[in-house]
J.: 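Sharing a structure, written as structure tokens. Questions coming.
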Protein chains: 2
Amino acid sequence: MGTTDNLRFHGGADAYLAACPSRQILDVLANKWTMLVMGALAGGPLRFGELRRRLEGITQKMLTQTLRTLERDGLVTRTVYPTIPPKVQYAATGLGENVTELMRAIRVWSEENINAVLDARDVYDARAAEEVQPVTA
Amino acid sequence: MGTTDNLRFHGGADAYLAACPSRQILDVLANKWTMLVMGALAGGPLRFGELRRRLEGITQKMLTQTLRTLERDGLVTRTVYPTIPPKVQYAATGLGENVTELMRAIRVWSEENINAVLDARDVYDARAAEEVQPVTA
DNA sequence: CCGAATCCTTCAAGATACTG
DNA sequence: CAGTATCTTGAAGGATTCGG
């Protein structure tokens, strides 16, 4: 501690500061695909193809890119079995499991409150349409 | 209930399905600026300029766009005081306050675990540099 | 002056095809 | 099966201009 190694924050990280590294991981975590990938891995290790099938709509490119980022940041491990055909397994690390729980809460909230959100949109859109052609004003 | 109004899910929402509307809000919530905006509003209503100063690095355009989306989805209210100069206040709704707590947990995790993530990156990057020019292999 | 709309540039997401 | 490469599209970011 107190050495001159890389920029590290010891208790003073603040994601509201643009230069604080914590904003970088926040940007990694606050991402649709990250949330879904980590949520899928919460049930245990999965192969690339299994992940791709579970995350409906994701492309190979985005899945590869997301997994690489998560691996680099220490949230996921990547294990290659040099068989033919190749088998690559992804698993959450201890660090990853912690934050996965927090992300699961947001996903569940989305699923439980989607109707309230859709209702709010209807109200907003109806109000916006009104303003274009006022009924009485 | 049980009517033929718009597509609504009654207990069966699943963000892993591309067509499920819950993925749409997940995409709104799983966003760096959304997390920071909602977190800032957790302390009470704020004006546009106050938000802009707190969220270091955000542009007026992105802040406006983020706030519009959150307003439309019922997470934030927008109140205009037609004074000169204009005063526009934003506040979290009840719906928004619920999910703000969940997002705060992720922001705090980012701030508390940033060093572990930075360390993981160093290891990953060093390993990647090795593979380009193997020392012994 | 504050909030927002309108360009324009840059970069990442998405889609497709190909390789080990 | 897992991953890379290429191309197209769209959103993020930045600067400027507009309106109350």
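These numbers were taken from a predicted model, which means no experiment stands behind them. All chains are named by letter (A, B, ...) in the order of the sequence lines, taking the proteins before the strands, and each is independently numbered beginning at 1. Values below: every heavy atom of this structure, side chains too, minus hydrogens, waters and symmetry copies.
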J.: Which nucleotide in the list D:dG13, D:dG3, C:dG3 gets nearest to the side chain of B:K32?
T.: D:dG13

J.: About how many Å separate CG of A:L29 and CH2 of B:W109, when rounded to the nearest 0.5 Å?
T.: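 B:W109 CH2 to A:L29 CG: 5.5 Å, rounded to 0.5 Å.
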
J.: As a test of reading the structure: which of D:dA2, D:dG14, D:dG3 is closest to the side chain of A:R68, going by heavy atoms?
T.: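 For the A:R68 side chain, the nearest candidate turns out to be D:dG3.
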
J.: What's the spacing between B:I106 CD1 and A:M103 CE if we round to 0.5 Å?
T.: 6.5 Å

J.: For a quick test of reading the model, state the closest non-hydrogen atom pair linking B:E56 to B:W33 and the distance between them.
T.: O-CH2, 4.2 Å

J.: Ignoring hydrogens and angles, are the base of C:dA13 and the side chain of A:K61 linked by a donor-acceptor pair under 3.5 Å?
T.: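 When only heavy-atom distances are counted, A:K61 does reach the base of C:dA13 through a donor-acceptor pair under 3.5 Å.
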
J.: Phosphate oxygens OP1/OP2 of C:dG3: is one of them under 4.0 Å from a side-chain N or O of B:R52?
T.: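 Negative; the distance criterion is not met.
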
J.: Taking B:V99 as the starting point, is it possible to reach B:L95 by hopping between hydrophobic residues whose side chains are less than 4.5 Å apart?
T.: yes

J.: Taking CD from A:Q65 and P from C:dA12, how many angstroms apart are they, rounded to a whole number?
T.: 8 Å

J.: Measuring from B:L26:CG to A:S110:OG, what's the distance to the nearest 0.5 Å?
T.: 4.5 Å

J.: Nearest whole angstrom, please: distance from the C1' of D:dG20 to the CZ of B:F48.
T.: 15 Å

J.: Taking CG from A:L36 and P from C:dA13, how many angstroms apart are they, rounded to a whole number?
T.: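 Going from CG in A:L36 over to P in C:dA13 covers 14 Å.
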
J.: Does A:R53 have a side-chain nitrogen or oxygen under 4.0 Å from the phosphate oxygens OP1 or OP2 of D:dA2?
T.: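 For D:dA2, OP1/OP2 do not have a side-chain N/O of A:R53 under 4.0 Å.
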
J.: Would you mind reading off the distance between B:L51 atom CG and C:dC2 atom P, rounded to a whole angstrom?
T.: 14 Å

J.: CG of A:L46 versus P of D:dC1: gap in Å, rounded?
T.: 15 Å

J.: Enter the distance from B:R72:CZ to A:D125:CG here, rounded to the nearest 0.5 Å.
T.: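 With rounding to 0.5 Å, CZ (B:R72) is 4.5 Å from CG (A:D125).
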
J.: Between D:dA12, C:dT16, D:dG13, which one does the side chain of A:Q60 approach most closely?
T.: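 For the A:Q60 side chain, the nearest candidate turns out to be C:dT16.
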
J.: Figure out the CG/C1' separation between B:L67 and C:dA5, and round it to whole Å.
T.: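 Rounded to the whole Å, the gap is 15 Å.
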
J.: For the helix from C:dC1-D:dG20 to C:dG20-D:dC1, how many degrees between its two end axes (five pairs per end), to the nearest 10°?
T.: 40°

J.: With a 4.0 Å limit, can you tell me whether B:W33 has a side-chain N or O closer than that to the phosphate oxygens OP1/OP2 of D:dA11?
T.: no

J.: Which part of the nucleic acid, if any, lies within reach of A:Y90 when heavy atoms closer than 4.0 Å are counted: base, sugar-phosphate only, or nothing?
T.: sugar-phosphate

J.: Just compare C:dC2, C:dA4, D:dG13 and give me whichever is closest to any side-chain atom of B:R47.
T.: C:dC2

J.: Can you tell me the distance, in whole Å, between the CD1 atom of A:I58 and the P atom of D:dA2?
T.: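 Checked: the CD1 to P distance equals 14 Å.
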
J.: Distance from B:E71 atom CD to B:T66 atom OG1, nearest 0.5 Å?
T.: 12.5 Å

J.: Could you state the CE-P distance from A:M62 to D:dG3, rounded to the nearest angstrom?
T.: 15 Å

